[in-house]
Amino acid sequence: MHTPLIDRLRRRGYRLTAQRRVVAEVLEGDNVHLTAEDVHDRATELLPEISRATVYATLQQFTELGEVRELALDGRAKRYDPNVEPAHHHLVCDTCGLVFDVAHGIDAPGLSGADRHGMEMQGAEIVYHGECSDCSDRADDDKMAP
Ligand SMILES: [Zn+2]
Ligand SMILES: [Zn+2]
(Lines give C-alpha, C1' and ligand atoms only; values in the text may rest on other atoms or scores of the structure.)
(Ligands and ions follow the chains in the order given, each with its own letter.)
Protein backbone atom coordinates (compact mmCIF):
# COMPACT_ATOMS: atom_id res chain seq x y z
CA MET A 1 0.00 0.00 0.00
CA HIS A 2 1.37 3.37 -0.87
CA THR A 3 1.19 6.43 1.31
CA PRO A 4 -1.25 9.00 -0.07
CA LEU A 5 0.42 11.88 -1.86
CA ILE A 6 -1.04 14.43 0.54
CA ASP A 7 0.47 12.59 3.54
CA ARG A 8 3.84 12.34 1.85
CA LEU A 9 3.82 16.06 1.15
CA ARG A 10 2.79 16.84 4.69
CA ARG A 11 5.51 14.62 6.09
CA ARG A 12 8.09 16.56 4.12
CA GLY A 13 6.89 19.77 5.70
CA TYR A 14 5.59 21.02 2.37
CA ARG A 15 3.26 23.95 2.87
CA LEU A 16 -0.17 22.82 1.71
CA THR A 17 -2.14 25.83 0.61
CA ALA A 18 -5.75 25.26 -0.44
CA GLN A 19 -4.66 25.14 -4.09
CA ARG A 20 -1.86 22.65 -3.53
CA ARG A 21 -4.12 20.47 -1.43
CA VAL A 22 -6.71 20.34 -4.19
CA VAL A 23 -4.10 19.36 -6.79
CA ALA A 24 -2.82 16.62 -4.45
CA GLU A 25 -6.37 15.37 -3.86
CA VAL A 26 -7.11 15.21 -7.57
CA LEU A 27 -3.98 13.13 -8.14
CA GLU A 28 -4.70 10.65 -5.36
CA GLY A 29 -5.44 7.05 -6.17
CA ASP A 30 -4.27 4.04 -8.12
CA ASN A 31 -3.94 4.04 -11.87
CA VAL A 32 -4.14 7.81 -11.91
CA HIS A 33 -2.34 9.26 -14.91
CA LEU A 34 -3.89 12.63 -15.60
CA THR A 35 -2.68 15.31 -17.95
CA ALA A 36 -2.22 18.81 -16.52
CA GLU A 37 -5.41 19.75 -18.34
CA ASP A 38 -7.33 16.91 -16.63
CA VAL A 39 -5.94 17.95 -13.27
CA HIS A 40 -7.08 21.51 -13.86
CA ASP A 41 -10.58 20.41 -14.90
CA ARG A 42 -11.02 18.30 -11.78
CA ALA A 43 -9.41 20.86 -9.50
CA THR A 44 -11.86 23.54 -10.59
CA GLU A 45 -14.71 21.28 -9.47
CA LEU A 46 -13.28 21.45 -5.96
CA LEU A 47 -11.91 24.96 -6.03
CA PRO A 48 -13.51 26.97 -8.84
CA GLU A 49 -11.05 29.85 -8.71
CA ILE A 50 -7.89 27.76 -9.13
CA SER A 51 -5.98 28.95 -12.18
CA ARG A 52 -4.35 26.84 -14.84
CA ALA A 53 -1.00 28.49 -14.06
CA THR A 54 -1.26 27.46 -10.40
CA VAL A 55 -2.07 23.88 -11.36
CA TYR A 56 0.90 23.71 -13.74
CA ALA A 57 3.27 25.27 -11.20
CA THR A 58 2.07 22.91 -8.46
CA LEU A 59 2.51 19.84 -10.67
CA GLN A 60 6.01 21.06 -11.44
CA GLN A 61 6.80 21.38 -7.74
CA PHE A 62 5.42 17.93 -6.89
CA THR A 63 7.54 16.50 -9.71
CA GLU A 64 10.67 18.29 -8.50
CA LEU A 65 10.06 16.96 -5.00
CA GLY A 66 9.97 13.49 -6.51
CA GLU A 67 6.48 12.84 -5.15
CA VAL A 68 4.85 12.74 -8.57
CA ARG A 69 6.26 11.21 -11.69
CA GLU A 70 5.92 12.95 -15.03
CA LEU A 71 5.30 10.45 -17.80
CA ALA A 72 5.72 11.04 -21.48
CA LEU A 73 3.99 8.10 -23.10
CA ASP A 74 3.73 8.00 -26.85
CA GLY A 75 4.24 11.66 -27.53
CA ARG A 76 0.86 12.30 -25.95
CA ALA A 77 0.43 15.10 -23.40
CA LYS A 78 2.48 14.51 -20.27
CA ARG A 79 0.73 12.55 -17.54
CA TYR A 80 1.20 12.92 -13.82
CA ASP A 81 1.46 9.78 -11.72
CA PRO A 82 1.28 9.97 -7.91
CA ASN A 83 2.59 6.43 -7.46
CA VAL A 84 6.34 6.83 -7.26
CA GLU A 85 6.99 3.88 -4.94
CA PRO A 86 7.29 1.10 -5.80
CA ALA A 87 8.54 1.75 -9.30
CA HIS A 88 6.14 0.40 -11.86
CA HIS A 89 5.66 0.02 -15.56
CA HIS A 90 2.74 1.12 -17.72
CA LEU A 91 0.28 -0.43 -20.09
CA VAL A 92 -1.16 2.03 -22.59
CA CYS A 93 -4.15 1.75 -24.90
CA ASP A 94 -2.82 3.18 -28.16
CA THR A 95 -6.32 4.05 -29.30
CA CYS A 96 -7.74 6.11 -26.42
CA GLY A 97 -4.68 6.69 -24.25
CA LEU A 98 -5.96 4.85 -21.17
CA VAL A 99 -3.01 4.00 -18.90
CA PHE A 100 -2.76 1.24 -16.32
CA ASP A 101 -0.02 0.60 -13.82
CA VAL A 102 1.83 -2.65 -14.24
CA ALA A 103 3.17 -3.07 -10.77
CA HIS A 104 3.87 -6.67 -10.11
CA GLY A 105 6.44 -9.21 -10.97
CA ILE A 106 8.15 -7.61 -13.91
CA ASP A 107 11.75 -6.52 -13.85
CA ALA A 108 13.09 -4.65 -16.80
CA PRO A 109 16.06 -6.46 -18.29
CA GLY A 110 19.42 -5.07 -17.23
CA LEU A 111 22.04 -3.78 -19.60
CA SER A 112 25.47 -5.21 -19.73
CA GLY A 113 28.83 -4.29 -21.12
CA ALA A 114 28.90 -1.95 -24.10
CA ASP A 115 25.12 -1.42 -23.96
CA ARG A 116 25.59 0.61 -20.78
CA HIS A 117 27.88 3.10 -22.49
CA GLY A 118 29.76 3.41 -19.23
CA MET A 119 26.68 4.49 -17.26
CA GLU A 120 25.61 3.32 -13.84
CA MET A 121 22.12 1.95 -14.24
CA GLN A 122 19.49 3.52 -12.02
CA GLY A 123 16.35 2.06 -13.41
CA ALA A 124 14.31 1.19 -16.43
CA GLU A 125 10.71 1.63 -17.41
CA ILE A 126 8.71 -0.53 -19.73
CA VAL A 127 5.74 0.79 -21.69
CA TYR A 128 3.43 -1.95 -22.92
CA HIS A 129 1.12 -1.10 -25.78
CA GLY A 130 -2.27 -2.53 -26.46
CA GLU A 131 -5.92 -1.82 -27.10
CA CYS A 132 -8.35 -1.69 -24.19
CA SER A 133 -11.59 -3.67 -24.21
CA ASP A 134 -13.71 -0.54 -24.75
CA CYS A 135 -11.74 0.35 -27.84
CA SER A 136 -11.77 -3.16 -29.26
CA ASP A 137 -15.55 -3.40 -28.60
CA ARG A 138 -15.99 -0.12 -30.41
CA ALA A 139 -13.90 -1.36 -33.34
CA ASP A 140 -16.08 -4.50 -33.51
CA ASP A 141 -19.24 -2.37 -33.50
CA ASP A 142 -17.84 -0.31 -36.37
CA LYS A 143 -17.21 -3.44 -38.35
CA MET A 144 -20.78 -4.60 -37.81
CA ALA A 145 -22.32 -1.27 -38.74
CA PRO A 146 -23.82 -1.28 -42.23
ZN1 LIG B 1 -8.77 2.33 -25.39
ZN1 LIG C 1 1.58 4.71 -13.09
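On a predicted model such as this, the values are computed, not experimentally measured, just so you know. One-based numbering, in listed order, for ligands and for the atoms of each.
- Between the SG atom in C132 and the CG atom in D137 there is a gap of 8.5 Å [rounded to 0.5 Å].
- A donor-acceptor distance shorter than 3.5 angstrom exists from the side chain of E28 to the backbone of L5, with no hydrogens or angles considered.
- Proximity of a side-chain donor or acceptor of R79 to a complementary backbone N or O of E70 within less than 3.5 Å is not detected.
- The structure places CZ of R42 at 9.5 Å from CG of L27, a figure rounded to the nearest 0.5 Å.
- For the side chain to side chain donor-acceptor pair (under 3.5 Å) test with H33, the passing option among D101, D38, N83 is D101; the others fail.
- At least one donor-acceptor pair under 3.5 Å links the side chain of R8 to the backbone N or O of E67.
- Between Y80 and L59 the shortest side-chain heavy-atom distance falls below 4.5 Å.
- For the Zn ion (ligand 2), protein N, O or S atoms closer than 2.8 Å were enumerated as H33 NE2, D81 OD2, H88 NE2, H90 NE2, D101 OD1, with waters left out.
- Excluding waters, the set of protein N, O or S atoms lying under 2.8 Å from the Zn ion (ligand 1) comprises C93 SG, C96 SG, C132 SG, C135 SG.
- The backbone N or O of P82 sits nowhere less than 3.5 Å from a side-chain atom of R69 that would complete a donor-acceptor pair.
- Interatomic distance, I50 CD1 to R21 CZ, rounded to the nearest 0.5 Å: 12.0 Å.
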